[in-house]
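These notes are about the structure you will find just below.
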There are 2 protein chains.
Amino acid sequence: MPVTDEAIEKIKTMIVSGELGPGDRLPKEADLAERLGLSRSSLREAVKALSLIRVLDVRQGDGTYVTSLAPDLLLDALGFVVDFHRDDTVLDFLEVRRILEPAATAMAALAMPEAEIVALGGVLAELGEEPTVEALVANDLDFHRRIAAGSGNPVLCSLIESLSGPTARARIWRGLTQEGAVRRTREQHQAIYEAIASRQPEVARSWATVHIAGVEEWLRTMLGSAEGALTSAEVNGSGKRSAQDRP
Amino acid sequence: MPVTDEAIEKIKTMIVSGELGPGDRLPKEADLAERLGLSRSSLREAVKALSLIRVLDVRQGDGTYVTSLAPDLLLDALGFVVDFHRDDTVLDFLEVRRILEPAATAMAALAMPEAEIVALGGVLAELGEEPTVEALVANDLDFHRRIAAGSGNPVLCSLIESLSGPTARARIWRGLTQEGAVRRTREQHQAIYEAIASRQPEVARSWATVHIAGVEEWLRTMLGSAEGALTSAEVNGSGKRSAQDRP
DNA sequence: TCGTGACGAAAGGTCGGATGTCCTGTGAGG
DNA sequence: CCTCACAGGACATCCGACCTTTCGTCACGA
């Protein structure tokens, strides 16, 4: 095994074993390199890799730290991975969403705090009559994100968010708007919201299923008929590397 | 943005845009470094990071290649991330499994080929009367893995497999402590198998839910009473880095 | 003709040091 | 007491050299 991979494993072990806890600072590069028995260059490769998946947080001029290791932070790296998938696997991802989102929606109907439900309604209301595509996508993302968060399970929330990556959603929406299905989507959003607000988990679950199944079905026929009409990489360079937490 | 991160984005773009397809070979480090406008060292950090999440496959003496980008390969990296989570989030993961596995089981009851069902029964049969804990866990993992694969959705399958990691050690502990857990688990496995074999998706779904909810409930009470009894890093060094595919 | 083994080019693996850039604590000065 | 410039520490980047592995080539022998 290359020394770099070995270093990755050792650092991982240091964290999992509890020797390094969330927020702890690692020894400086030179010291850690000596301790692990490799050069700084190789160590930096290991650190970079662990940094990509949000396990380590390097701050120039300061030091290298272990992140909070919160589920949302680590699962966030999943979004990076999802971006790589081509259109022929989008349906598989959507199918998983059709499993997860209804479940999350039902959970939200039971667990979501009143204040959050009010805010959820506000999201629907703040969308005008003739929204731009960008506003529509942002609004849709916000709506589903709040519901996922309302499930009370951070793992489930992050998973859903990662799977409905901005790329895929933007692509889908682009097509949906052209089909003029905006109205139906808004009606379904409204129905989901009302089911949650009235604390009816099964109704909420069903509407969520209907909602996603609709997108799924549309995409299925779309991929079947207009082969190649949907190209990848229409929306890139998002570079959403934000919510690093620094204790 | 650091040049290394920039390089990661550029390589990602090259892949997502189709300039580099699965199996394609990247220019050699020196050339690619020059093309992207950075040093070989920095480029190597980027490559190492992309290699960790299975996007690139570096082969010494040969070259660097884009992997197949298959969902199972990329989601496999999720397992690495999941390993970092502490026990206080295990319940969240288990809850997600309680959503995904029943759905996968129901799908398997409809889609699993006869030959695979026979093999599934074989897995149950090959476990002796007095299995070791290790054999039990391995058998359990195999059983659930086959069902997940039987769903016909590779994304769902990989996701379940990745999420099963942290709960594995919990199951080990359970097998060691709880009386009758082994017998009950085997009965439930048998019931799940029979439901699949007789093509009854709803029965299969219910048994799977019961099965996982049982583990969940046990773990919940266990974490409540014996706080801190479950230490992390009981099972480490797995380092399952195997199924690299080289076209 | 075919198999085999040695050779060498090519590519990644590792290393250590030099220099640039950024953050932070600290102490002089107002 | 507050402000700001300075010095130290730590990461960022680059460079160039050398090692290791892989694979294609080619000559040799069966």
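Side chains are part of it too, since the values below use all heavy atoms of this structure and drop only hydrogens, waters and symmetry mates. Below, chains carry the letters A, B, ... as their sequence lines are ordered, and counting in each starts from 1.
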Options C:dC22, C:dG13, D:dC14, nucleotide nearest the side-chain atoms of B:Ser39
D:dC14
Could you give the distance from CG (A:Leu100) to CD1 (A:Ile160), rounded to the nearest 0.5 Å?
5.5 Å
Over all heavy atoms of both residues, which pair between B:Tyr65 and B:Leu26 is shortest? Give the atoms and the distance, please.
C-CD1, 4.3 Å
Select one nucleotide: of C:dG16, C:dG13, D:dT22, the one nearest the side-chain heavy atoms of B:Asp62.
D:dT22
Just to confirm, is there a sub-4.0 Å distance from OP1 or OP2 of C:dA11 to any side-chain nitrogen or oxygen of B:Thr64?
no
Between A:Arg35 and A:Glu19 (salt bridge meaning N to carboxylate O under 4.0 Å), is one present in this structure?
yes
Distance check, rounded to the nearest 0.5 Å: A:Asp72 atom CG versus A:Arg54 atom CZ?
11.0 Å
Determine the contact category for A:Ser41: base if any of its heavy atoms lies under 4.0 Å from a base atom, sugar-phosphate if only primed atoms, P, OP1 or OP2 are that close, otherwise nothing.
base
In whole Å, what is the span from the CG atom of B:Leu43 to the C1' atom of C:dG13?
14 Å
Using whole Å, what does the distance between atom P of nucleotide D:dA12 and atom CD of A:Gln60 come to?
6 Å
C:dA11 C1' sits how many Å from B:Leu32 CG, rounded?
13 Å
What is the distance, to the nearest angstrom, from the CZ atom on A:Arg59 to the C1' atom on C:dC23?
11 Å
Protein-nucleotide distance (A:Glu34, atom CD; C:dG17, atom P), rounded to Å
12 Å
Whole angstroms only, please: what is the CZ-P distance between B:Arg40 and C:dG12?
7 Å
Which nucleotide in the list D:dC15, C:dG13, D:dA12 gets nearest to the side chain of A:Pro2?
C:dG13
Can you tell me the distance, in whole Å, between the OH atom of B:Tyr65 and the C1' atom of D:dC23?
10 Å
Picking from C:dG12, D:dT13, D:dC11, which would you name as closest to the side chain of B:Glu29?
C:dG12
For B:Pro71 and A:His85, work out which heavy atoms get closest and say how close.
CA-NE2, 3.1 Å
Rounded to whole Å, the CG-P distance (A:Asp57 to D:dA12) equals 10 Å
Residue whose closest nucleotide on DNA chain C lies nearer the 5' end, A:Gly61 versus A:Gly37
A:Gly37
